[in-house]
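Here is the structure we will look at, set down as structure tokens.
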Amino acid sequence: MAKFKAKELKDAVGKCARFSTTKGLIPEYGFLALREGYIFATNGRIGIKHRNPVSIPEEFILPAEIFSRLLSSHLIVRRNVDMAKQETHTVLKAGRVRIKIPDPPHEYLINVDVPPDDSFHILPDGFSDSIKQVLFSVPKEERVKEALRGINYDGKSFYASDNIKLSRFTPNNFDLGNELFIPTQLLEHLVEDKPISYCITESEGVDRMLWFSFKDYVIFTNVKRTVYPMGAEIFDKLYSEKSNSAIISADAEAFKDTVDVISILAELYMNRVNLVAFKNEFTFYTLTPGGLEAIGTLSVTSNIKEGDRAELVAVDTTYLKEIVDKCSDFFFTGDFAYFSNKDGLESVLKPLGVEDGVAVMEKVGEYYGSEDG
């Protein structure tokens, strides 16, 4: 039998429940193990071993999501809980509530041994913030190649790409000591809390494992030896085109506000917006097949000279909304748009094909003509 206060256990169980799953072919992945000293859960891809904040003299195997919701419920969270094992059930009592939870369909044998402390490398300050900088470029769908499903650190910079945009963040005075690829499934946990150290283990016949330690828990996943296909050479090549590009600098807030409005219309037609750069003006233009039209202008500084032809590119506003929260300086050609900020973030966007550049320029010209009138 175990006795504990629900409020002392609910946060740890809630954290662990996120590493289980209610779906899948392996029933054990929907459960967590409540053991003396620690709580353990895995969904087959990632796992957690959490310090147990209460004393549990024997092992209990419980459905993770249900147990977490029960502990967090208003009725139970304020009460002391008695929990006892019966032949085929665990009985949970809290006040006048009594709940029987069936044992899992199979014996729960899943567990991992955490590497010793001296196997871990201390993470420098700013690790989680560096992950956050490029998180928006991590693929949100799994149809991209596996080598892109995460964030790669090459010994100097962090990279992320979904094959449409590629982002790089280079922190100052930062060295992990090794190159490191962090799979997508761990990223949200690394930005929510501050990891202290990391470790990679491998042995014959066992998957290569990546571990991150926190104050009260360790999380882990298996990792494959993959070569990240994007790197510094792409940024170097495109940056060399800067002198032949339209270079734009805008007020960050005004840029963001204009994109927010224009994107409302662009969302009706594949999130598509045309960007037209003049000497001191930047124009956003979108037109839907149904005839909805929007034009917005922004005062900018640029390298375009009086009398030069306007520069035109079309991009996806889903990406544009993400990047303008971070960058307002960029340069572009018809082949790419290159954004950057003073903090060390760079991001390259593959543009959309301009459907009818002549028609776009005519519409923009009509707009400026009416403004002059």
Side-chain angles (χ1 to χ4, degrees), residues 121-140 147-184 186-198 212 227-243 245-256 259 300-303 315-316 318-333 336-351:
H121 305 279
I122 298 298
L123 288 165
D125 290 339
F127 174 77
S128 292
D129 289 337
S130 298
I131 294 294
K132 289 178 186 178
Q133 290 289 334
V134 296
L135 195 60
F136 71 97
S137 287
V138 174
K140 297 175 177 62
L148 292 178
R149 295 179 203 161
I151 290 176
N152 190 61
Y153 175 73
D154 69 351
K156 180 181 178 181
S157 304
F158 292 85
Y159 292 84
S161 176
D162 59 4
N163 262 339
I164 300 297
K165 52 187 179 292
L166 169 64
S167 296
R168 170 171 74 175
F169 179 70
T170 306
N172 293 321
N173 303 318
F174 193 101
D175 186 6
L176 290 182
N178 297 288
E179 296 183 6
L180 182 66
F181 181 77
I182 308 167
T184 302
L186 286 188
L187 294 175
E188 65 175 294
H189 304 286
L190 296 178
V191 300
E192 285 179 358
D193 204 351
K194 185 177 180 180
I196 298 170
S197 58
Y198 81 98
F212 285 95
V227 176
Y228 197 77
M230 311 286 191
E233 65 281 355
I234 295 176
F235 284 94
D236 292 343
K237 178 182 178 182
L238 297 182
Y239 195 82
S240 68
E241 295 293 323
K242 183 174 183 178
S243 60
S245 306
I247 305 172
I248 307 296
S249 182
D251 176 79
E253 286 302 315
F255 196 6
K256 180 177 181 299
V259 171
V300 299
T301 58
S302 77
N303 65 334
V315 298
D316 187 307
T318 303
Y319 169 83
L320 197 59
K321 287 173 70 174
E322 293 173 326
I323 195 60
V324 297
D325 281 335
K326 302 174 180 291
C327 303
S328 58
D329 296 332
F330 62 102
F331 61 91
F332 69 88
T333 69
F336 67 89
Y338 192 121
F339 297 83
S340 63
N341 68 21
K342 65 182 187 306
D343 297 321
L345 175 66
E346 302 161 276
S347 195
V348 179
L349 170 65
K350 181 179 179 180

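The chain is numbered in sequence order, starting from 1.
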Pairwise side-chain contact, Leu190 with Phe127, heavy-atom cut-off 4.5 Å (strictly under):
yes
Which residue in the set Leu186, Leu187, Val138 passes side chain to side chain contact (heavy atoms under 4.5 Å, CB included) when paired with Ile131?
Leu187
Could you go through the side chain to side chain contact (heavy atoms under 4.5 Å, CB included) check for Phe331 and Phe336 one step at a time?
CA-CA 9 Å; Phe331 61 91; Phe336 67 89; 3.6 Å; yes
Identify the heavy atoms of Pro195 and Ser128 that sit nearest to each other, and give their distance.
CD-OG, 3.1 Å
Under the criterion side chain to side chain contact (heavy atoms under 4.5 Å, CB included), I'd like the reasoning laid out for Ser161 against Tyr159: C-alpha separation, chi angles, the key distance, then a yes or no.
CA-CA 7 Å; Ser161 176; Tyr159 292 84; over 6 Å; no
Which pair of heavy atoms, one from Gln133 and one from Leu345, lies closest together, and at what distance?
O-CD1, 3.8 Å
Flag the pair Asp129 / Phe169 as yes when at least one side-chain heavy-atom distance between them is below 4.5 Å, and no otherwise.
no
Side chain proximity check, Met230 to Asn163, heavy atoms < 4.5 angstrom
yes
4.5 Å side-chain heavy-atom contact, Leu123 and Phe212:
yes
Between Thr184 (side chain only) and Gly150 (backbone N and O only), is there a donor and an acceptor less than 3.5 Å apart?
yes
Inspect the surroundings of OH in Tyr228 and state if more than 12 heavy atoms from other residues, nucleotides or ligands are less than 6.0 Å away.
yes
Just say parallel, tilted or perpendicular for the rings of Phe174 and Tyr153, cut-offs at 30° and 60°.
perpendicular
Out of curiosity, Ile151 CD1 to Ser130 OG, how far, rounded to the nearest 0.5 Å?
9.5 Å
Closest approach of Asp325 and Lys256, non-hydrogen atoms and distance?
OD1-CE, 2.6 Å
Audit row: Phe158, Leu180, side chain to side chain contact (heavy atoms under 4.5 Å, CB included) steps and yes/no:
CA-CA 9 Å; Phe158 292 85; Leu180 182 66; over 6 Å; no
Glu322 meets the salt bridge (Lys or Arg N to Asp or Glu O under 4.0 Å) criterion, sequence neighbours left out, with Lys140, Lys165
Gap between atom CD1 of Ile182 and atom CG of Asn152 - 0.5 Å precision:
8.5 Å
Can you confirm whether the side chains of Asn178 and Tyr198 place a donor and an acceptor under 3.5 Å from each other?
yes
Salt bridge check: are Lys194 and Asp125 linked by an N-O gap of less than 4.0 Å?
yes
Kindly give the heavy-atom pair with the smallest separation between Asp329 and Ala250, and that separation in Å.
OD1-N, 4.1 Å
Distance in Å, Asp343 CG paired with Thr170 OG1, rounded so as to fall on 0.5 Å steps:
11.5 Å
Between Ser347 and Ser137, does the side chain to side chain contact (heavy atoms under 4.5 Å, CB included) criterion hold? Intermediate values first, please.
CA-CA 9 Å; Ser347 195; Ser137 287; 4.2 Å; yes
Is there side-chain contact between Ile164 and Asp316, with heavy atoms separated by less than 4.5 Å?
no
Under 3.5 Å, is there a donor on one side chain and an acceptor on the other for Ser245 and Tyr338?
no
Atom OG of Ser328 and atom CG of Asn341: how far apart are they, to the nearest 0.5 Å?
8.5 Å
Sequence-distant partners of Asp175, side chain to side chain donor-acceptor pair (under 3.5 Å), two or more places apart
none
Rounded to the nearest 0.5 angstrom, the OG-CG distance for Ser240 and Leu238 is 7.0 Å
Shortest non-hydrogen pair, Ile247 vs Asn303, comes out as N-OD1, 2.8 Å
When rounded to the nearest 0.5 Å, the distance separating CZ of Arg168 from CG of Asp154 is 8.0 Å
Looking at every non-hydrogen atom in both residues, tell me the closest pair between Ser167 and Phe235 and how far apart they are.
C-CZ, 3.9 Å
